[in-house]
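Quick caveat, the model's predicted, so the values are computed rather than measured. Note that these values count all heavy atoms, side chains included, but never hydrogens, waters or copies made by symmetry.
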Amino acid sequence: MENKLINKEIQNYINAHLNTDLHTLLLKTSPFPDVSMPEIVQQIKGKQTAQKKFPFLLKEGIIFPPQLNLEQSSSEKTADYKSQILKGKKFIDLTSGFGIDAYYLSQNFEEVTLVEQNQELLSIVEHNWGILERKATFINQNLEEFLHTNLEHFDVIYLDPARRDQNKNKVFLLEDLSPDILQIREKLLATAAQVVVKLSPLIDLKYLISVLPGIFRIEIIAVRNDVKEVVIFLSKEQKEGITVNCINLESGESAFSFTFGEEEKSQALYSEPEKFIYIPNNAILKAGVFNLISERFELKKLHPNTHIYTSSQNINDFPGRVMDMEVIESKQIKKKEQFNIISKNYPLKPEDIKKKYGLKDGGKDYLIFTQSKKGKIILKSV
């Protein structure tokens, strides 16, 4: 497969059709007798995905796997961030998939091993790593079988369990993942000093900590305010406290770190809106540290269930959105005005608000529909 697809004429054809409608292309006959049109379209989809998700693979000779493998891969941005945390001598990825995480996470290791049960996918990764001039040991095996027969010890094990059941429905509980981390936890920790697991951004942190002993670090990783991953770090060594880091990549915002349990000891102050309004980024909202944010930055919350904060002075290093706003009455809103609409702890969704007030979406100005302790309020950017 690799030899056929990296033929120069085929690659030229693929590059020439990167902006062609793929449905139309699939109806055509392949101009190459040894390569089908679906195979060509698969490569076009791969390059289109790589342009946004992992541009380091936009090199001559790179082969792309089916769409599902592309979708399940980490982005270059999140993989690069994780790579800055890990280092050692021996690294192994037990669920290498398309190998994006493995490529980045293994950069600070001398020996790299990739385990993947899909032979075709592993062959693609091995080919691509040759193009990228990166060395590794490639093992085509089920990870449970590998763990059963393996005698090596590693500094770091990394794995990204499958988060879909047999019917391809998404699953989130640890016992529903494949592999079941709860069942293989002891074997993993006997095989490596540190185990790193990528999980769904929807997983509940309190549940996670309650069912899985050994967690000492959690990374909540967002890219431009979209939470992409929750990554956990496990060790069999007893460590004091669980550090949680909230990072919002490509935002220019500072990371926010805390020790799990701090939220329960924190108390929020409350106030009606003052000059500046603060909305934490989604990584922090995912962490649920609503009182701790108030305490750390000396901000006041508007309402116990409204995760919006206020102050009379501007705080520059706040990890989220900061806006200069004022309270307005609904009668001050004119039809056909243009706003970015935010609705938090408010009975109407942004779409409903637009219809009710006849507003256009977008522009530079903001309207926030929310609640303070005194009741429903509308805030307008100044």
Side-chain angles (χ1 to χ4, degrees), residues 201 220 222-227 246-258 262-263 266-382:
I220 303 174
V223 180
R224 282 172 287 177
N225 214 28
D226 183 8
V227 180
C246 304
I247 184 76
N248 189 17
L249 301 174
E250 297 193 331
S251 67
E253 297 167 6
S254 302
F256 182 80
S257 300
F258 64 96
E262 275 191 86
E263 173 67 11
S266 303
Q267 289 188 333
L269 298 173
Y270 293 91
S271 168
E272 291 303 299
E274 296 180 347
K275 182 173 174 59
F276 294 99
I277 295 295
Y278 303 79
I279 302 177
N281 67 45
N282 284 334
I284 290 171
L285 293 177
K286 166 66 186 174
V289 283
F290 310 124
N291 292 337
L292 186 60
I293 283 288
S294 171
E295 197 169 87
R296 284 266 189 101
F297 291 95
E298 298 182 353
L299 299 172
K300 299 152 194 170
K301 282 192 81 177
L302 300 185
H303 183 279
N305 298 322
T306 299
H307 308 313
I308 295 177
Y309 304 78
T310 190
S311 73
S312 58
Q313 301 294 323
N314 188 5
I315 297 174
N316 293 319
D317 60 346
F318 181 77
R321 189 177 295 171
V322 183
M323 291 181 279
D324 188 348
M325 307 196 83
E326 63 180 0
V327 178
I328 64 167
E329 299 292 330
S330 59
K331 61 186 178 183
Q332 294 175 255
I333 301 173
K334 297 176 183 178
K335 281 191 175 183
K336 297 185 179 180
E337 283 189 305
Q338 190 174 32
F339 291 101
N340 295 289
I341 298 168
I342 297 171
S343 174
K344 288 185 176 288
N345 193 23
Y346 196 82
L348 296 179
K349 295 178 181 179
E351 285 299 317
D352 300 323
I353 292 167
K354 278 194 292 183
K355 288 179 183 177
K356 180 177 178 179
Y357 293 99
L359 299 172
K360 294 180 182 178
D361 198 16
K364 296 181 179 178
D365 296 321
Y366 282 81
L367 283 180
I368 298 178
F369 291 74
T370 188
Q371 290 191 58
S372 70
K373 277 195 165 184
K374 290 185 177 179
K376 288 184 273 188
I377 53 172
I378 302 171
L379 297 163
K380 180 183 176 184
S381 56
V382 175

Visitor: Applying side chain to side chain donor-acceptor pair (under 3.5 Å), can you list everything that pairs with Thr370, at least two apart in sequence or on another chain?
Guide: none

Visitor: Are Asn281 and Ser251 side-chain neighbours, meaning at least one heavy-atom pair lies under 4.5 Å?
Guide: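 No, their side chains stay 4.5 Å or more apart.
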
Visitor: Taking salt bridge (charged side-chain N to carboxylate O under 4.0 Å, His left out) as the definition, give me every residue that meets it alongside Glu295, ordered by chain and number, with sequence neighbours left out.
Guide: none

Visitor: Measure the CD-CD1 distance between Glu253 and Ile247 for me, rounded to the nearest 0.5 Å.
Guide: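 So the CD of Glu253 and the CD1 of Ile247 are separated by 9.0 Å.
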
Visitor: Taking C-beta and beyond as the side chain, do Asp226 and Arg224 meet within less than 4.5 Å on heavy atoms?
Guide: no

Visitor: Which heavy atom of Ala283 sits nearest to which heavy atom of Cys246, and what is that distance?
Guide: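 For Ala283 and Cys246, the tightest heavy-atom pair comes out as O-SG, 3.7 Å.
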
Visitor: Within the 4.5 Å heavy-atom criterion, are Phe369 and Pro347 side-chain neighbours or not?
Guide: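 In short, these two side chains do not touch, never coming nearer than 4.5 Å.
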
Visitor: Pairs in or reaching into residues 280-289: which pass salt bridge (Lys or Arg N to Asp or Glu O under 4.0 Å), with residues at least two apart or in two chains?
Guide: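 Every candidate salt bridge (Lys or Arg N to Asp or Glu O under 4.0 Å) pair involving residues 280-289 fails, so no pair, neighbours aside, qualifies.
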
Visitor: Kindly write out the residues that satisfy side-chain contact (heavy atoms from CB on, under 4.5 Å) with Ser271, not counting sequence neighbours, or none if the list is empty.
Guide: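 Partners of Ser271 under the side-chain contact (heavy atoms from CB on, under 4.5 Å) test: Glu274, Lys300, Thr310.
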
Visitor: Any side-chain to backbone donor/acceptor pair from Asn282 onto Leu285? Under 3.5 Å, distance only.
Guide: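 It does not hold such a pair.
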
Visitor: Could you tell me which residues satisfy side-chain contact (heavy atoms from CB on, under 4.5 Å) with Glu263, sequence neighbours excluded, listed by chain and number?
Guide: Val289, Phe290, Asn291, Leu292

Visitor: In Å, rounded to the nearest 0.5 Å, how long is the span from CZ of Phe256 to CZ of Arg296?
Guide: 4.0 Å

Visitor: For Gln371, enumerate each residue passing the side chain to side chain donor-acceptor pair (under 3.5 Å) test, keeping only those at least two apart in sequence or located in another chain.
Guide: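 Not a single residue meets the side chain to side chain donor-acceptor pair (under 3.5 Å) criterion with Gln371.
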
Visitor: Any salt bridge (Lys or Arg N to Asp or Glu O under 4.0 Å) pairs touching residues 341-361, not counting sequence neighbours?
Guide: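 Passing the test, one end in residues 341-361: Glu351-Lys354, Lys354-Asp361.
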
Visitor: Are the side chains of Leu367 and Ile353 in touch, meaning some heavy atoms are under 4.5 Å apart?
Guide: no

Visitor: Tell me, please, which residues at least two apart from Asp365 pass salt bridge (charged side-chain N to carboxylate O under 4.0 Å, His left out).
Guide: none

Visitor: For residues 312-323, run the donor-acceptor check on the side chains, cut-off 3.5 Å, and write out each pair with its distance to 0.1 Å, sequence neighbours left out.
Guide:
none

Visitor: Quick one, Tyr357 and Ile378 - any side-chain contact, counting heavy atoms below 4.5 Å?
Guide: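 SC-SC contact between Tyr357 and Ile378 confirmed.
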
Visitor: Where is the tightest heavy-atom contact between Tyr278 and Pro280, given as atom of each residue plus distance?
Guide: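 Heavy atoms of Tyr278 and Pro280 come nearest at O-CD, 4.0 Å.
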
Visitor: Is the shortest heavy-atom distance from the side chain of Tyr309 to the side chain of Ile277 under 4.5 Å?
Guide: no

Visitor: How long is the straight-line distance from CD1 of Ile308 back to NZ of Lys301, given to the nearest 0.5 Å?
Guide: 10.0 Å

Visitor: Would you be so kind as to tabulate the donor-acceptor pairs closer than 3.5 Å made by side chains of residues 325-337, with sequence neighbours excluded?
Guide:
| unit_1 | atom_1 | unit_2 | atom_2 | d |
| --- | --- | --- | --- | --- |
| Gln332 | OE1 | Glu329 | N | 2.8 |
| Glu337 | OE1 | Lys334 | N | 2.9 |

Visitor: Within the 4.5 Å heavy-atom criterion, are Thr306 and Ser372 side-chain neighbours or not?
Guide: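 They are not in contact (no side-chain heavy atoms under 4.5 Å apart), so the answer is no.
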
Visitor: Using the side-chain hydrogen bond (donor to acceptor under 3.5 Å, both in side chains) rule, collect all pairs that involve residues 373-382, keeping only residues at least two apart or in two chains.
Guide: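 Listed by first then second residue: nothing to list.
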
Visitor: In chain order, what residues pass the salt bridge (charged side-chain N to carboxylate O under 4.0 Å, His left out) check against Glu298, with sequence neighbours excluded?
Guide: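 If we apply the salt bridge (charged side-chain N to carboxylate O under 4.0 Å, His left out) test to Glu298, skipping adjacent residues, there are no hits.
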
Visitor: Determine the minimum heavy-atom distance between Leu302 and Tyr270, stating which atoms define it.
Guide: C-CD2, 4.3 Å

Visitor: Would you compute the distance between atom CG of Asp324 and atom CG of Leu379 and round it to the nearest 0.5 angstrom?
Guide: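 These two atoms lie 11.0 Å from each other.
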
